[in-house]
There are 2 protein chains.
Amino acid sequence: MKTERQIEIIEVALELISEKGIQGLTIKNLSKKIGITEPAIYRHYDSKTDILIAILDSFSKNTQQIFNNELNNSDSAIEKIEHLFTKHFAAFSAKPSLVSVIFSEEIFRNEPVLIEKISEVIRRNDNMLISILTSGQENNELRTDISAQHLSTIVMGTLRLFVKKSRFLESSKSLPEEGKLLVESIKRIIIKE
Amino acid sequence: MKTERQIEIIEVALELISEKGIQGLTIKNLSKKIGITEPAIYRHYDSKTDILIAILDSFSKNTQQIFNNELNNSDSAIEKIEHLFTKHFAAFSAKPSLVSVIFSEEIFRNEPVLIEKISEVIRRNDNMLISILTSGQENNELRTDISAQHLSTIVMGTLRLFVKKSRFLESSKSLPEEGKLLVESIKRIIIKE
DNA sequence: TGGAAGTTAGTTAGTATTCACTAACTTTGT
DNA sequence: ACAAAGTTAGTGAATACTAACTAACTTCCA
């Protein structure tokens, strides 16, 4: 279990990465933003790498939970995909730093242990989305002229770029509002006519 | 114009970022990999930030050229999109470090001048792709039940995630080979029935 | 044409600053 | 009273960058 301070540390670390990139995440910046001294950080995590690992584990848990909820309910595939988008948009609205870092795996390139963790998360999420799409094809809900693998890349790629764009280009509408429209387009694209 | 050494520096810098992330790009690593001493780097670029700016400018020129070639020829929109993908796959095969960093804007978060440059590149490429798609819709080539803005996010998002996946998950087929199949799926999705 | 002057691209040695992290001590809450 | 969570003061290593010097070319012109 994580203590309050541990949770605060990974949340603030996430904010720092979101604002200044991975180079902005230093123990000094982290402690200053929290309001304690540098050595105090080490009462809660043994090393900086351990903090990054905790961030990735938190991602991993979060996304796995989202996918599991969708896999184990009785909704149609279309509804599952819709929830997937909606939940990501809600999470991004609530905590912009989180989702914007989730989709930036290149940030965690410098430590082999982090690359391994990231690769596993990508692989697992990909497989879960593919299994949702495959069962949608089997139910005659989704188009079958395109493989579930390709549909997965299209759906997830669209979601990711949409979120990233919203970080770099500001829009008049809110993210969930504009996202809702995009989901309609995605549904129209994958549905069986 | 860039000297040979300047080109070498940005190429090696790109390799370092690709291998170890932005934190792997240090003047020491850079000079060691090139085979000169650290101060020699400063004969060719005034600062590390200038090297990053040069990388982004090179991206900017490259992608603008690709888009311009496509905009100003007489191909159909479908063919233009197909070329867009093919050229990216070819570039990635030839120099994996380049394309994998192009699509990782979060790497350049720490300097405001870099964020500004990145945002401009994203915005410009987005507009060019939208104009290709819009003219395809006007020619009755592409489906019109989905806005060119959404089609653009779908097409570019798919391309980007596909390239990123190929970096983290290894596949049996080659990138251009597997990419060709993906392009067929994308075409099937955006074409007017 | 040959030597002086300047340029280019490198070197060695060193700067101040920042980095992650530690030892030893103090405060705080139960 | 004791453990958890903080502090001050410091470590060595790494960071971007600079100063001063040099070898090897190029340019220029008497």
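Since the model is a prediction, treat every value here as computed from it, not as a measurement. A, B, ... follow the sequence lines: proteins, then strands. Residue 1 opens every chain.
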Interface polar pairs with nucleotides 5-12 of chain D, N/O, under 3.5 angstrom:
from, atom 1, to, atom 2, distance (Å)
D:dG6, OP1, A:Arg5, NE, 3.0
D:dG6, OP1, A:Arg5, NH2, 2.3
D:dG6, OP2, A:His44, NE2, 2.4
D:dG6, N7, A:Arg43, NE, 3.0
D:dG6, O6, A:Arg43, NH2, 2.2
D:dT7, OP2, A:Thr37, N, 2.7
D:dT7, OP2, A:Thr37, OG1, 2.4

Only counting residues at least two apart or in another chain, list the ones meeting ring-ring contact (aromatic ring centres under 6.0 Å, His included) with B:Phe85.
-> B:Phe89

Length of the CG-C1' vector between A:Leu30 and C:dA20, whole Å = 12 Å

Measure from CG on B:Asp50 to P on D:dA16 and round the result to the nearest Å.
-> 14 Å

How close or far is atom P of C:dC19 from atom CD of B:Gln23, stated in whole angstroms?
-> 11 Å

Whole-Å distance, B:Asn29 CG to D:dA13 C1', equals 14 Å

Please work out if B:Ile41 contacts a base, only the sugar-phosphate, or nothing of the nucleic acid, heavy-atom cut-off 4.0 Å.
-> nothing

A:Glu4 CD to D:dA4 C1', straight-line distance once rounded to whole Å = 14 Å

A:Ile107 side chain reached by B:Arg109 side chain, heavy atoms, under 4.5 Å | no

Rounded distance (Å) that lies between atom P of D:dA14 and atom CD1 of A:Ile27 = 17 Å

Looking only at heavy atoms, which two atoms of A:Ile154 and B:Thr158 are closest? And how far apart?
-> CA-OG1, 3.3 Å

Working for side chain to side chain donor-acceptor pair (under 3.5 Å), residues B:Asp126 and B:Ser152 = CA-CA 7 Å; B:Asp126 199 35; B:Ser152 152; 2.8 Å; yes

A:Asn110 CG - C:dA20 C1' separation (whole Å) = 13 Å

So does B:Arg160 pair up with B:Glu105, basic N to acidic O under 4.0 Å?
-> yes

Report the distance from atom CD of A:Gln6 to atom P of D:dA4, rounded to the nearest whole Å.
-> 13 Å

With a non-hydrogen cut-off below 4.0 angstrom, is A:Ile34 in contact with a base, only sugar-phosphate, or nothing?
-> nothing

Sequence-distant partners of B:Glu19, salt bridge (Lys or Arg N to Asp or Glu O under 4.0 Å), two or more places apart = B:Lys33

